[in-house]
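Have a look at the structure below before the remarks.
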Amino acid sequence: MDGESTPRPGLPRHRTPRTTIGWSHELCTMQERLLWARLSVFAGGFDFDAAEYVCTGEGVDPDELLDLLTELVAKSVLLRETSPYGVRFRLLDSVRGYGRRWLRAGDEERRLLRRHRDWYLGVATWGEVEWFGPRQAETAERTGLAHPDLRAALEFCLTEPGEEQIALLMAGTLWFYWVGCGHLGEGRHWLERALALDPEPTGARAKALWVTGCTATLQGDLAAARPALEECRRQALATGDDRALAHAVHRQGCAALIGDDPARAAELFEEALWHYRTIGELDSNVLMAMFELGLAHLFQGDRESGGLWLGRIRELCEEHGEQWAYAHGLYALAYAHWLDGEVRPARTLARESVRLNHLFNDLLGIVLAIDLLALLETEPAGPGEPGDLREARVLQGAAHRIWRAVGKPFFGSRSFSGPHRACEERAVAGLTEQEFADFFATGTRLDLDAAVHRALGGGDHPGGPGPRPGPGPLPPAPRPSPVER
């Protein structure tokens, strides 16, 4: 970018009529224009560190970056925003488009896009590391802030020759965001596009395969999940990739569980946990395998074994500050208490599961717990606390709306849909046909925040999420035997 006053031929002059953007551009110094053009690679908001990594060098001195950003804010090129994680900056779409045209007219667009890609690959990688531990909720929020730029980086990798392996790596590394933060469908979109581009049996492909199998399973699409997981398992055995093998077997267990074969699922979960122990792995995926093994035992009627595994996961989550797997474990513990006829503790656990899953926007975790709460509404919690079939139908309607955003309701599984069917049968028996339909329809009109508020015992929700009622003290967990320790 040369000359501050004479644009190159072909660049937009915006003089007749002169627009606000064009006028701002003419008021900028050469360095400010150069930075504006480089910042246009960001699709969403960004912080100082991201701007420094992506945009400095070759005309933009790192020591001058803060002053340049300040000047661009003063000239209304940049918006300055305050977030819980510090100051962030953002270009309006029209301003970004103007800067991008200048960037394309130069010779450094590809270099800037690769630096942008590298930064957001780092964001994904660090997010995966930070996901297991007390900073999970913060990691979910930070990754959400980066979501537009993660999309842009993935799109670049998928359309730029030679970037296919990085596309596989990035899409697979973001498993925690796709699965844990309510983006199953989008995750599958990126993963399937990346897998179609490069069949080479690399570690990146193996990871993308098991993550694809996981997301497809959670959407109830076993026809897509099983081939991906089997390919991952075969590749892992052929290449000696023990970590990929553990994940493939784990997700094959999930497929068996929602395919209503809990005995086979338990065998696969135990095999996966053996592989995880062998390689020294302990993270949220391992804890989820324990949770799923507990459910497999419960679905077979073995409450003692199920309770032991669920108690173990609860202990480990509390020890490591893990909340996401913990929320799913609480759902299973609530289910176990319901099986034992303990309505009040089941309700407390299920509500806490909803509350924690809502922190992550984990739609699947939310909807499973809400459907269980609907059933619990049909049960008397104690003397003077009769069931409420009308509220049960409202919660079923709310869950129905959430399932539409997740995938196939209850994954198409009879085991997982058991509470829903039991609730529905009781509502049919105790409500008029009109009440049965009307209260369900009321629930389908609730948005996510309103549905969560209602599930937590907040009643009608006329305006916004409001304060969430606390869950109260949680019932004690079953104690694992010395063998499980």
Side-chain angles (χ1 to χ4, degrees), residues 128 154 157-158 164-180 183-276 279 281 285-286 288-289 292-293 295-296 299 364 403 406-417:
E128 182 182 37
L154 283 164
C157 292
L158 290 167
E164 297 85 2
Q165 286 295 316
I166 297 180
L168 286 166
L169 178 61
M170 182 179 290
T173 298
L174 285 166
W175 67 265
F176 67 94
Y177 188 62
W178 310 137
V179 175
H183 300 286
L184 291 171
E186 180 176 350
R188 277 189 71 184
H189 165 79
W190 295 115
L191 288 156
E192 290 173 353
R193 284 182 63 189
L195 287 166
L197 288 177
D198 194 341
E200 185 181 353
T202 62
R205 181 173 177 83
K207 188 171 191 175
L209 282 167
W210 73 252
V211 179
T212 299
C214 178
T215 56
T217 297
L218 296 178
Q219 289 188 305
D221 188 358
L222 294 184
R226 284 175 170 147
L229 294 171
E230 181 57 26
E231 181 184 344
C232 181
R233 190 188 70 84
R234 287 197 309 267
Q235 180 185 309
L237 288 170
T239 60
D241 189 339
D242 293 335
R243 179 165 279 101
L245 180 60
H247 283 288
V249 173
H250 175 182
R251 270 62 196 198
Q252 287 179 319
C254 295
L257 188 63
I258 74 165
D260 295 318
D261 189 352
R264 176 58 178 156
E267 293 174 0
L268 290 165
F269 292 137
E270 288 168 355
E271 180 185 344
L273 287 167
W274 181 87
H275 285 299
Y276 284 136
I279 62 176
E281 188 95 324
N285 286 304
V286 179
M288 288 296 282
E292 290 148 354
L293 178 54
L295 270 184
F299 287 165
L364 182 56
W403 275 117
V406 172
K408 187 181 294 185
F410 309 101
F411 326 107
S413 163
R414 288 190 59 79
S415 299
F416 278 94
S417 65

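- The two residues Gly172 and Lys207 have their closest heavy-atom pair at O-CE, 3.8 Å.
- Here CD of Gln252 is found 9.5 Å from OG1 of Thr217. Values are rounded to the nearest 0.5 Å.
- Distance check: Phe299 CZ to Leu257 CG gives 5.5 Å after rounding to the nearest 0.5 Å.
- Glu270 and Trp274 form no side-chain donor-acceptor contact under 3.5 Å, judged by distance and modelled atom types alone.
- One distance of note links CG of Leu195 with CD of Glu231; it measures 7.5 Å at 0.5 Å rounding.
- Side-chain contact annotation: His247 with Arg251, donor-acceptor N/O pair under 3.5 Å present.
- In plain terms, the two heavy atoms of Leu268 and Ala256 that are nearest each other are CD1-CB, 4.3 Å.
- Using a 4.5 Å heavy-atom threshold, the side chains of Val179 and Leu184 count as touching.
- Closest non-hydrogen pair, Arg226 versus Gly259, comes out as NH2-CA, 4.5 Å.
- Separating the CD1 atom in Ile279 from the CZ atom in Arg243 is a distance of 4.0 Å, to the nearest 0.5 Å.
- Proximity of a side-chain donor or acceptor of Trp178 to a complementary backbone N or O of Ala171 within less than 3.5 Å is detected.
- One finds the CG atom of Asp221 at 9.0 Å from the CD1 atom of Ile258 (value rounded to the nearest 0.5 Å).
- The salt bridge (Lys or Arg N to Asp or Glu O under 4.0 Å) search around Glu230 returns Arg233, Arg234, not counting sequence neighbours.
- For the residue pair Arg205 and Gln235, no side-chain donor N or O sits within less than 3.5 Å of a side-chain acceptor on the partner.
- Contact between Ile166 and Cys157 at its shortest, heavy atoms only, is CG2-SG, 3.9 Å.
- Leu364 is listed as a side-chain neighbour of Phe411, based on a closest heavy-atom distance under 4.5 Å.
- Here the rule is side chain to side chain contact (heavy atoms under 4.5 Å, CB included) with Trp210, and of Val249, Leu245, Asn285 only Asn285 fits it.
- The heavy-atom pair separating Ala167 from Leu154 by the smallest distance is O-CD2, 4.0 Å.
- Nearest approach of Asp198 to Leu168, heavy atoms of both residues: O-CD1, 4.2 Å.
- Here the CZ-CG distance, from Phe269 to Leu295, works out to 8.5 Å after rounding to the nearest 0.5 Å.
- Between His275 and Glu271, the closest side-chain pair of non-hydrogen atoms falls below 4.5 Å.
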